[in-house]
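To keep things clear, I will list the structure first and then write my remarks on it.
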Amino acid sequence: MTAPVVPTRTSADLIRAEEPVLAHNYHPLPVVVASAEGAWVRDVEGRRYLDMLAGYSALNFGHRHPLLIEAAHRQLDRLTLTSRAFHNDRLAGFAERLAALTGLDMVLPMNTGAEAVESGIKVARKWAYEVKGVPADRATIVVAADNFHGRTTTIVSFSTDETARAGFGPFTPGFRIVPYNDLAALEAAVDETTAAVLIEPIQGEAGVVIPDDGYLAGVRELTRRENCLFVADEIQSGLGRTGRTLAVEHEGVVPDVLLLGKALGGGIVPVSAVVARREVLSVLRPGEHGSTFGGNPLAAAVGTAVVELLETGEFQRRATELGAVLRDGLTGLVGKGVVGFRARGLWAGVDVDPALGTGREVSERLMREGVLVKDTHGSTIRLAPPLTITGEELTSALATLEGVLRRDS
Ligand SMILES: Cc1ncc(COP(=O)(O)O)c(C=O)c1O
């Protein structure tokens, strides 16, 4: 039997086709990706682009890393889903290795980042009632302004981004918002009802905002002293991106609860996890929390392969070495269209001179030159290439940015 002829649709056709049938909750760059390998993607017409966003760090190991694809294929041929009603033969190994990688004790497997955050909030509240002794329904969680932890109703309840919140109330109570990178404000907000301090060690969506040295260690010290949990959301900052397995390692800090996602799924399947000290995750008992897909064998197989890649240290090393190239390149652009930047490892928020356009406009110009990035707020763009990118590819992306900024200055 001959295969049916599929009418070829151009990128423009496909973008037009989305309009009436897809919810308009995103405003993607007008590029329609059809295939990818390593740091490169190809659109429907065959044009190549260097991916300098890497799925918001979900693609830390590049597109279709051969060892991750092999692990997924092997698992697809054997067992894909059991639900947690039964055990599966991949989950124990995944949890053991992830706990060992992070220096913590127990793993609660989930799927998306927002689910890990929601789960972390539930665990912290339960710990507050059962272990700390906070009166029922009085637990508070202290969070930072300009945070981004996901999109669920509870999570947007403590967002300070009105676009993320407007129209979605009523909101979940129990959160106190303090300025980021301000230990005095944090200390003032913590009291006997505090279950946890929940922060991003580096605020990604806010524009790769890096706190002062000593802030994370200060959060660790304060939470220990005040008997509340330090919950670090490393969903974007973790798993090699900053040059360490975890961004908190830059300050030698081990949180009580670690939230992981994105790159844990190797760019193949959604895999997230709450990883915590035994005393904390032990508060969960059967029936109190769960997910049909969390900890499924395919996710566990891919997640294990991700942990194996990180165990080699190669990706953390690359992020450090190439991070120096990124930093040098961006330093050279300051005053040439770049007004400032913040970078750690292979991750940077770049503030472009607003006179040259919004972050979106700069992203569109870069796209036309074959480089994909994402704007955040105003005139800030974010660079987070796969950790597999080569020095030459990175240098060429920086040269493209320089050209885009020069041409329009
Ligand atoms: C720090 C952080 N937490 C949570 C999330 C939510 O992850 P997901 O989109 O997988 O729900 C994100 C996503 O960008 C994030 O950057």
Side-chain angles (χ1 to χ4, degrees), residues 23 25-28 53-60 102 108-124 141 143-161 163-165 168 172 175 177 180-181 196-211 216 219 230-242 245-248 255 257-275 291 293-294 296 299 302-303 306 342 344-349 373-377 380-384:
N25 57 327
Y26 277 92
H27 181 34
L53 176 66
Y56 303 92
S57 288
L59 289 155
N60 277 2
T102 55
L108 169 64
M110 301 299 288
N111 309 282
T112 65
E115 268 184 301
V117 175
E118 286 276 352
S119 307
I121 290 168
K122 287 178 69 177
V123 167
I141 293 179
V143 299
D146 301 322
N147 67 71
F148 186 87
H149 296 285
R151 301 292 197 171
T152 64
T153 313
T154 289
I155 293 171
V156 299
S157 296
F158 56 89
S159 169
T160 54
D161 175 358
T163 308
R165 286 166 54 87
F168 299 119
T172 308
F175 298 95
I177 304 172
Y180 190 60
N181 193 25
V197 173
L198 164 62
I199 54 159
E200 299 155 84
I202 293 175
Q203 289 190 322
E205 298 298 310
V208 191
V209 175
I210 303 169
L216 300 175
V219 174
F230 179 3
V231 182
D233 180 347
E234 294 247 19
I235 288 164
Q236 196 163 157
S237 60
L239 307 182
R241 172 59 54 196
T242 68
T245 302
L246 302 171
V248 286
V257 179
L258 184 61
L259 309 177
L260 295 173
K262 294 196 192 279
L264 196 55
I268 300 174
V269 281
V271 185
S272 68
V274 179
V275 191
S291 154
F293 292 97
N296 72 72
V302 172
V306 164
R342 300 155 298 283
R344 179 150 291 167
L346 214 35
W347 197 18
V373 303
K374 176 76 176 80
D375 57 304
T376 53
H377 305 283
T380 300
I381 57 171
R382 178 186 2 192
L383 306 179

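Just follow the structure's listing: the first ligand is 1, and inside any ligand the first atom is 1.
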Is there a side chain to side chain contact (heavy atoms under 4.5 Å, CB included) between F230 and I199 once you walk through the steps? CA-CA 8 Å; F230 179 3; I199 54 159; 3.7 Å; yes
Taking only heavy atoms of the protein into account, state which residues are under 4.0 angstrom from an atom of ligand 1, in chain and number order.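 The answer is T112, G113, A114, F148, H149, G150, E200, E205, D233, I235, Q236, K262, counting any residue whose heavy atom sits under 4.0 Å from ligand 1.
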Please walk me through it: do D146 and Y180 pass side chain to side chain contact (heavy atoms under 4.5 Å, CB included)? CA-CA 8 Å; D146 301 322; Y180 190 60; 6.0 Å; no
Would one find more than 12 heavy atoms of other residues, nucleotides or ligands at under 6.0 Å from atom CZ of F175?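 Enclosed: over 12 neighbouring heavy atoms sit under 6.0 Å from CZ of F175.
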Tell me which one of T376, N181, D233, V209 satisfies side chain to side chain contact (heavy atoms under 4.5 Å, CB included) with Q203.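 In the set T376, N181, D233, V209, the residue that makes a side chain to side chain contact (heavy atoms under 4.5 Å, CB included) with Q203 is V209.
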At their closest point, which heavy atom of M110 faces which heavy atom of E115, and how far apart are they?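 Heavy-atom minimum between the residues: CE-OE2, 3.6 Å.
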Give the minimum heavy-atom separation between S272 and T112, together with the two atoms involved.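 Heavy atoms only, the tightest pair is OG-O, 2.7 Å.
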